[in-house]
Amino acid sequence: IYTLLATLPFIFLAGCSKEDAPLPVDKGLAGEWVLTSWNGTAPGEDFGVYMELADNGNFTLYEKVVTPAYVRYSGTYTADGSTFSGTYSDGRPLNAVYAYEIDDSGNTLTMTAGGTVEPDVCIYTRTSIPEDVLSAPDAAATKAGSEGRRFL
């Protein structure tokens, strides 16, 4: 009995795969956000981005960028230290690896896309996503949404 009890933790650990491990995320990112500034300009009526970041590493992005109405994307992200990256549910990576910073109040998120001469600076504010945006169709169901450029 002692031998069996001593080997149980090792059997349990051997059964855990790397896929079961949670993605590294900054818990301060969890919540709902709206894009309030993109490269110093506030989005207009025909342009908008909301995102929901879960503390388990899943994201949902609602954007009205190349479509006349919001479409919904989803995927997974990692945020460890000051770097944010991820992959859409169709396997496509985000457009960039982002440096991110949350202000002291926890209500303003600044994300800067790296690797460009003029970096994209996106400022998000913590908010509640409106119900009409939450009901947006999945991007895969819309031709423009599945083929168009994605904001993140």
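All values below come from the heavy atoms of this structure, side chains included, with hydrogens, waters and symmetry mates left out.
Note on Leu35: it clusters hydrophobically with Phe84, by side-chain heavy-atom contacts below 4.5 Å among ILVMFWY residues. With hydrophobic clusters built from ILVMFWY side chains whose heavy atoms lie under 4.5 angstrom apart, Leu134 does not share a cluster with Tyr73. In the hydrophobic clustering of ILVMFWY residues, with side-chain heavy atoms under 4.5 Å counting as a link, Tyr70 and Ile129 come out together. Under a hydrophobic clustering in which Ile, Leu, Val, Met, Phe, Trp and Tyr are joined whenever their side-chain heavy atoms come within less than 4.5 Å, directly or via other members, Leu152 and Trp38 fall into the same cluster. Val65 and Leu61 fall within a single hydrophobic cluster, where Ile, Leu, Val, Met, Phe, Trp and Tyr side chains are chained together by heavy-atom contacts under 4.5 Å.
In this structure, Phe59 and Tyr88 have perpendicular ring planes: the angle between them is above 60°, well past the 30° mark.
For the pair Thr67 (side chain) and Lys64 (backbone), a donor-acceptor distance under 3.5 Å is absent.
Side-chain atoms of Thr76 and Thr87 include no donor-acceptor pair closer than 3.5 Å.
Separation of atoms CZ (Arg72) and OG (Ser89) is listed at 9.5 Å; rounding is to 0.5 Å. The SG atom of Cys122 sits 8.5 Å away from the CE atom of Met51 when rounded to the nearest 0.5 Å. Rounding to the nearest 0.5 Å gives a distance of 7.0 Å between CH2 of Trp33 and OG1 of Thr108. Atom CD1 of Ile123 is separated from atom CE of Met111 by 12.0 Å, given to the nearest 0.5 angstrom.
Applying the side-chain hydrogen bond (donor to acceptor under 3.5 Å, both in side chains) criterion to Tyr100, with sequence neighbours excluded, gives Asp26.
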Give every donor-acceptor pair under 3.5 Å between a side-chain atom in residues 40-47 and any protein atom, sequence neighbours left out.
none

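Salt-bridge formation is detected for the pair Asp90/Arg150: a Lys NZ or Arg NE/NH1/NH2 atom is positioned less than 4.0 Å from an Asp or Glu carboxylate oxygen.
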Pair Ser85-Thr78, side chain to side chain donor-acceptor pair (under 3.5 Å): steps then yes or no: CA-CA 6 Å; Ser85 61; Thr78 60; 3.1 Å; yes
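Tyr50 has its ring centre no less than 6.0 Å from the ring centre of Tyr124.
Counting heavy atoms from C-beta on, the side chains of Thr83 and Val97 come closer than 4.5 Å.
Shown are Thr36, Asp103, Leu109; of these, the side chain to side chain contact (heavy atoms under 4.5 Å, CB included) with Thr125 is made only by Thr36. Residue Phe151 forms a side chain to side chain contact (heavy atoms under 4.5 Å, CB included) with just one option from Asn95, Asp120, Val49, and that option is Val49.
Of all heavy-atom pairs between Leu29 and Tyr77, the closest is CD1-CE1, 4.3 Å. Taking both residues in full, the closest heavy atoms of Thr112 and Pro119 are given as CG2-CB, 3.7 Å, listed atom of the first, atom of the second, then distance.
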